[in-house]
K.L.:
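Below is the structure I would like to discuss, written out as structure tokens.
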Amino acid sequence: MPFTPDMRRKVDQIRDYLYGGGYPDPLSNAEQLSFLFFFYMIEGIDAANVRQSKATGRGHTSLFSGDWTLRNPLNAPAKGVETIPRERMRWSSWANAMSGEPLVTFVRDEVFPFFAAIGDEFGLSFMAQARLAIDEPTVLTQIVTLVNELRLENADPDTKGDLFEHVLRQIKQAGELGQFRTPRHIIRAIVDLVDPKIGETVYDPAAGTAGFLVAAYEHIRLANSSTNARAVAQFDGKSFERGLGDRLNDAQWRKLKAETFYGNDVDPKMVSLASMNLALRGLPDVRILKRNVLTSSFDRQAKMERNLPLDGYDVVLANPPFSGRIDRDRIVDDVRIGSSTATELLFVKYMIDNLKPGGRCGVIVPEGVLFGSTGAHKELRRMLMQNNRVEAVLSLPGGVFQPYSGVKTSVLVFTQGGRTRDVMFLHASNDGFKLDANHDQPIEADDLPGLIAAFNSREEMREDWQARDDAQPWTENWWFADAATIEREDWNLSASRYRPESREAAQHRDPRALLAELRDETAAILGDIEALAAELGEPVS
């Protein structure tokens with residue numbers, strides 16, 4: 001069953017009811033809904049596990065077997081009763097039988113503590129700090145009723161995931177460290193560039209709501225699907241292809257679901273949302289750790305205890321925080337780059353160090369990373385060019401991260417180890433959505449599919465580039481620059497620095513494209529000033 005307009009309407013109704021009921025924070029609302037969705041679905045998952053254990057003869061104890069010691073005497077069925085059957089914790093037991101103040105009291109004091117208590121035992125780590133925030137009786141009663149009407153038991157994992165993504169897209173504010181939700185079509189484009197494969201490990205050190213991990217999962221499934229097991233899906237008004245992964249054998253499926261995806265985030269709410277997003281997609285065994293990789297490090301023993309890969313990851317995908325600053329004394333030695341405290345530089349250094357030799361990375365960076373003139377900026381770019389292979393820089397349109405941020409960004413694609421011979425630059429003027437303050441209206445103009453195709457054929461494109469006639473205008477939105485040229489430019493990796501121009505081409509270019517480039521250059525200069533001021537400890541007026 002696909003994510004239908006009726007389901008979308010019901011989710012919007014829940015959101016509007018929460019907002020009107022005095023709960024205006026979309027991030028907290030998304031977290032609370034994730035818990036309610038989980039309570040609804042875990043009953044069906046548990047029942048399926050019990051049926052499977054009976055069919056296979058393998059032992060399995062239901063989550064709801066045994067008794068529960070009450071946390072609040074008001075929830076006792078009679079005076080003096082201190083325990084109730086765990087069966088009472090099933091959604092169908094309390095959601096259909098309670099309302100008003102008794103519902104709030106039971107869910108707050110029994111249901112949430114119940115799942116928090118069994119969290120570690122059953123791998124439900126995202127429930128550890130869970131608390132009920134929707135404590136207005138009328139509002140909670142109505143929300144529970146509306147969740148019931150979604151009939152999530154009839155939805156497949158992709159539909160459940162799309163439903164939850166629709167909830168998450170209502171989060172329109174950036175976090176304190178500059179983190180914000182990455183548009184899903186941008187994520188899919190980056191995943192297509194990096195091309196994670198079955199058997200590889202995939203890691204996001206700043207996972208947010210796990211968008212990159214979900215997209216990598218879908219990418220691997222699609223790559224291993226027969227023609228009959230593929231279908232076109234829609235989200236945010238755009239079509240994309242999904243696959244069932246029918247060509248994967250049982251061992252590959254087990255590895256994909258339990259030994260492929262890894263991530264962290266510093267925000268406990270994001271850890272909860274990411275874990276729920278993955279669980280809804282059929283990946284309940286993927287653990288997202290609450291961790292700041294810039295201020296903590298794991299030795300081999302710590303990795304072993306957490307079942308993490310010991311020697312790095314095959315693929316790293318991330319949109320790390322842009323505008324954060326870390327106290328210099330808190331930065332672990334592993335990620336230091338000069339004297340910089342800028343999170344965008346430290347994260348890239350961390351990613352380089354946590355890739356396996358030959359591992360691949362796709363990371364979104366603010367434009368200042370590519371051209372900044374501080375010692376740390378230059379050293380990071382030198383390291384990327386001389387000790388790794390920078391495959392491509394994809395320049396994204398300005399405004400692609402609205403309404404969160406207007407910062408100009410690019411995507412760095414590189415391979416760990418070796419030495420860069422040349423860099424392919426890809427310039428996107430349009431990403432398929434109107435570049436306004438909301439960035440949510442689909443349009444036809446979309447450079448991303450063509451740029452991805454050019455990157456995937458980059459050997460042939462390189463031959464075309466080398467055989468070009470310098471006297472003729474270059475009209476493609478991709479080009480190359482060799483390592484020696486980039487070194488002469490202080491390792492500058494801005495796409496616009498190396499864009500081929502000619503008088504004929506300039507005379508015929510769209511003025512709007514020129515204006516967009518001027519904006520990009522202005523944003524780049526301002527970013528350079530801010531980075532330099534931060535490096536020197538000077539305030540920016």
Side-chain angles (χ1 to χ4, degrees), residues 1-3 37-38 41-42 44-60 63 122-126 152-165 184 187-188 191-192 194-204 207 209-233 240-263 274-289 306-310 312-317 356 359-360:
M1 179 181 73
F3 183 45
F37 290 160
F38 173 74
M41 290 182 298
I42 193 64
I45 294 171
D46 182 74
N49 288 338
V50 171
R51 289 194 300 271
Q52 184 179 30
S53 70
K54 290 180 179 179
T56 60
R58 298 172 182 168
H60 175 79
L63 297 175
F122 291 93
L124 310 176
S125 57
F126 60 91
L152 294 174
E153 73 275 13
N154 298 324
D156 59 41
D158 287 330
T159 299
K160 292 172 185 173
D162 288 346
L163 180 150
F164 194 55
E165 286 286 356
R184 289 325 186 233
I187 287 178
R188 285 195 293 270
V191 171
D192 287 345
V194 178
D195 188 24
K197 295 177 172 60
I198 187 65
E200 295 183 325
T201 52
V202 182
Y203 177 47
D204 185 345
T209 59
F212 275 106
L213 300 182
V214 167
Y217 174 58
E218 293 189 335
H219 178 91
I220 294 171
R221 282 172 46 194
L222 180 62
N224 293 277
S225 296
S226 62
T227 302
N228 293 332
R230 295 169 176 244
V232 175
F240 62 99
E241 198 173 16
R242 272 192 176 135
L244 298 178
D246 59 314
R247 289 177 173 168
L248 297 172
N249 59 39
D250 288 345
Q252 289 173 322
W253 269 112
R254 286 194 296 271
K255 185 172 183 63
L256 183 63
K257 291 192 171 187
E259 300 176 27
T260 297
F261 303 106
Y262 303 86
S275 300
M276 176 54 63
N277 196 11
L278 292 163
L280 289 171
R281 299 281 183 180
L283 298 171
D285 296 326
V286 178
R287 288 195 64 193
I288 304 298
L289 302 179
R306 293 166 175 81
N307 294 318
L308 301 177
L310 300 181
Y313 300 88
D314 297 293
V315 171
V316 174
L317 302 161
K356 289 180 179 178
R360 308 179 305 287

K.L.:
List in chain and number order the residues that pass side chain to side chain contact (heavy atoms under 4.5 Å, CB included) with Asp158, two or more places apart in sequence or in another chain; answer none if no residue qualifies.
P.N.:
Asp156, Glu218, Arg221, Arg242, Arg281

K.L.:
Check whether any side-chain heavy atom of Leu280 lies under 4.5 Å from a side-chain heavy atom of Leu163, and answer yes or no.
P.N.:
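Counting from C-beta outward, Leu280 and Leu163 never come under 4.5 Å.
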
K.L.:
Distance from Leu278 atom CG to Thr209 atom OG1, nearest 0.5 Å?
P.N.:
9.0 Å

K.L.:
When rounded to the nearest 0.5 angstrom, what is the spacing between CD in Glu259 and CZ in Arg254?
P.N.:
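Nearest 0.5 Å value for the CD-CZ distance: 9.5 Å.
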
K.L.:
Might you point out which heavy atoms bring Thr201 and Gly312 nearest each other, and give the distance in Å?
P.N.:
OG1-O, 4.2 Å

K.L.:
Where is the tightest heavy-atom contact between Ile288 and Ala274, given as atom of each residue plus distance?
P.N.:
CG1-CB, 4.0 Å

K.L.:
At what distance, to the nearest 0.5 angstrom, does CG of Asp162 lie from CZ of Arg184?
P.N.:
11.0 Å

K.L.:
Calculate, to the nearest 0.5 Å, the distance between atoms CZ and CG belonging to Phe164 and Leu152 respectively.
P.N.:
11.5 Å

K.L.:
Identify the heavy atoms of Ile220 and Lys197 that sit nearest to each other, and give their distance.
P.N.:
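Nearest pair, atom of Ile220 first, then Lys197: CD1-O, 4.0 Å.
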
K.L.:
Hey, could you give me each pair passing salt bridge (charged side-chain N to carboxylate O under 4.0 Å, His left out) that has a residue in residues 223-233? Not counting sequence neighbours.
P.N.:
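Matches after skipping sequence neighbours: Arg230-Glu241.
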
K.L.:
Please list, chain by chain and in numerical order, all residues satisfying side chain to side chain donor-acceptor pair (under 3.5 Å) with Asn277, sequence neighbours excluded.
P.N.:
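Listed in chain order: Glu165.
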
K.L.:
Of all residues at least two apart in sequence or in a different chain, which pass the side chain to side chain donor-acceptor pair (under 3.5 Å) check with Asp285?
P.N.:
none

K.L.:
Can you name the side chain to side chain contact (heavy atoms under 4.5 Å, CB included) partners of Lys356, sequence neighbours left out?
P.N.:
Asp314

K.L.:
What are the two closest heavy atoms between Pro157 and Gly282, and how far apart are they?
P.N.:
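Heavy atoms only, the tightest pair is CB-N, 4.1 Å.
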
K.L.:
Please report the interatomic distance OH(Tyr217) to OG1(Thr260), rounded to the nearest 0.5 Å.
P.N.:
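Taking OH in Tyr217 and OG1 in Thr260, the distance rounds to 10.0 Å.
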
K.L.:
According to side chain to side chain donor-acceptor pair (under 3.5 Å), who are the partners of Glu153, at least two apart in sequence or on a separate chain?
P.N.:
Tyr40

K.L.:
Which heavy atom in Ala229 sits nearest to a heavy atom in Asp246, and how many Å separate them?
P.N.:
CB-OD1, 3.1 Å

K.L.:
Mind checking ring pair (Phe, Tyr, Trp, His ring centres under 6.0 Å) for Tyr203 and listing every partner two or more places apart, or none if nothing turns up?
P.N.:
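Testing Tyr203 for ring pair (Phe, Tyr, Trp, His ring centres under 6.0 Å), a comparison that skips the adjacent residues, returns Tyr313.
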
K.L.:
Using the side chain to side chain contact (heavy atoms under 4.5 Å, CB included) criterion, which residues pair with Asn249? Sequence neighbours excluded.
P.N.:
Ala251, Gln252

K.L.:
Could you list the residues that satisfy side chain to side chain donor-acceptor pair (under 3.5 Å) with Arg360, not counting sequence neighbours?
P.N.:
Glu200

K.L.:
What distance separates Leu248 CG from Ile198 CD1, expressed to the nearest 0.5 Å?
P.N.:
5.0 Å

K.L.:
Taking only residues two or more places apart in sequence, or in another chain, which ones meet Asp192 in a salt bridge (charged side-chain N to carboxylate O under 4.0 Å, His left out)?
P.N.:
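Asp192 satisfies salt bridge (charged side-chain N to carboxylate O under 4.0 Å, His left out) with no residue once adjacent residues are dropped.
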
K.L.:
What pairs with Ala216 under side chain to side chain contact (heavy atoms under 4.5 Å, CB included), at least two apart in sequence or on another chain?
P.N.:
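So Ala216 forms a side chain to side chain contact (heavy atoms under 4.5 Å, CB included) with Pro196, Val202, Phe261, Leu317.
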
